[in-house]
Amino acid sequence: MRLQRSFFARPALTVARELLGKTLVKIEPDGTRLSGTISETEAYIGELDLACHAKAGKTKRTQGLYGTPGLTYVYFTYGMHWMLNFVSDRSDFPAGVLLRAMQPIDGLDCMRARRKRPDRELTNGPAKLAQALAISQAWYGYDSCQPKATLYVEDAPVISWAQFTTQPRVGIPNVPEPWRSFPWNYQLQR
DNA sequence: AGGACGATTAACT
DNA sequence: GTTAATCGTCCTG
């Protein structure tokens, strides 16, 4: 069962926590199914959150964050990496959830061809996950809730409070407090 | 117009 | 543990 818009139209912290354990799916043009269990997420919440791209307001880059929940927010960084997020909360409030890692299920051969790394390094980072799924600018603003979507999330039971951990968000050492330390990173317990 | 920096990764010592 | 890679975006002047 595919997650519908009502799932994403909630606070980003809720969406980040409940995406853990669910299955990210991408169906390639040739029908190949790529999938994995979402194992790490991170929430970015509003213009006041100095770690969120929307801190600079609505721009060409960030306009998608202000859009409809359930759409993707994709961006390019460090001159070489793409990142995949799902827009959360409500329209006109910029909030999103970054997908930082997943445990591969289907399409390992396809991912191996794209990544050329050991299996454990196929999707254990945000840019690695995006590369394994071949996510780039072409997927900016893609509606994962549309009936015929080829990039979407499949439902699974919500993870219990004992099965995940939280910690400060990764890779934002220059963001001022208190934003730098808010425990808005969610990970499945290993 | 120019420069600093980034929601990272891989290769190095 | 350290650092190069590499370029779009935003801020300063």
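The sequence lines fix the lettering, A, B, ..., with proteins before strands; numbering per chain opens at 1.
For S160(A), the side chain to side chain contact (heavy atoms under 4.5 Å, CB included) criterion is met by A162(A), Q163(A), not counting sequence neighbours. For P178(A), the side chain to side chain contact (heavy atoms under 4.5 Å, CB included) partners are F182(A), not counting sequence neighbours. Listed by chain and number, the residues in a side chain to side chain contact (heavy atoms under 4.5 Å, CB included) with Q146(A) are Y142(A), D143(A), A149(A) (sequence neighbours excluded). Every residue two or more places apart in sequence or in another chain that forms a side chain to side chain contact (heavy atoms under 4.5 Å, CB included) with E154(A) is listed here: T23(A), V25(A), R33(A), Y152(A). Legend: residues meeting salt bridge (Lys or Arg N to Asp or Glu O under 4.0 Å) with K22(A), ordered by chain and number and at least two apart, are D155(A).
Screening residues 4-45 of chain A for ring pair (Phe, Tyr, Trp, His ring centres under 6.0 Å) gives F8(A)-F86(A) as the qualifying pairs, with residues at least two apart or on separate chains. The ring pair (Phe, Tyr, Trp, His ring centres under 6.0 Å) analysis of residues 14-33 of chain A, with sequence neighbours excluded, yields no pairs. Contacts classified as side chain to side chain donor-acceptor pair (under 3.5 Å) and involving residues 81-105 of chain A (residues at least two apart or in different chains) are given here: E40(A)-R100(A).
In summary, the side chains of R115(A) and Q131(A) do present a donor paired with an acceptor at a separation below 3.5 Å, with no hydrogens or angles considered. Using a 3.5 Å distance cut-off with no hydrogens or angles, the side chains of Y186(A) and E18(A) do not pair a donor with an acceptor.
On the P atoms, dC5(B) is 16 Å away from dT3(C), given to the nearest whole Å. For the P atoms, the distance linking dA4(B) with dA4(C) amounts to 15 Å, nearest Å.
Y73(A) pairs with exactly one of V97(A), V87(A), L98(A), L84(A) by the side chain to side chain contact (heavy atoms under 4.5 Å, CB included) rule, that one being V87(A).
At most 12 heavy atoms of other shown residues, nucleotides or ligands fall within 6.0 angstrom of atom CD in Q4(A).
Using a 4.0 Å cutoff to heavy atoms of chain A, the contacted part of DNA chain B runs 5' to 3' from dG6(B) to dA11(B).
A heavy-atom distance below 4.0 Å to DNA chain C is reached by none of the residues of residues 173-190 of chain A.
Counting any heavy atom pair closer than 4.0 Å across all strands shown, I172(A) reaches sugar-phosphate atoms only and no base atom. Residue-level contact check: A51(A) touches the bases, meaning some heavy atom is under 4.0 Å from a base atom.
The hydrophobic cluster containing V74(A) does not contain I27(A), counting ILVMFWY residues as joined when their side-chain heavy atoms lie under 4.5 angstrom apart, directly or transitively.
Stem list for DNA chain B (at least 3 consecutive Watson-Crick or G-U pairs, distances under 3.5 Å): B:1-6 with C:7-12, B:8-12 with C:1-5.
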Q. Which parts of nucleotides 4-13 of chain C does protein reach within less than 4.0 Å, heavy atoms only, written one letter per nucleotide 5' to 3' as B for base, S for sugar-phosphate only and - for none?
A. -BBBSSSS--

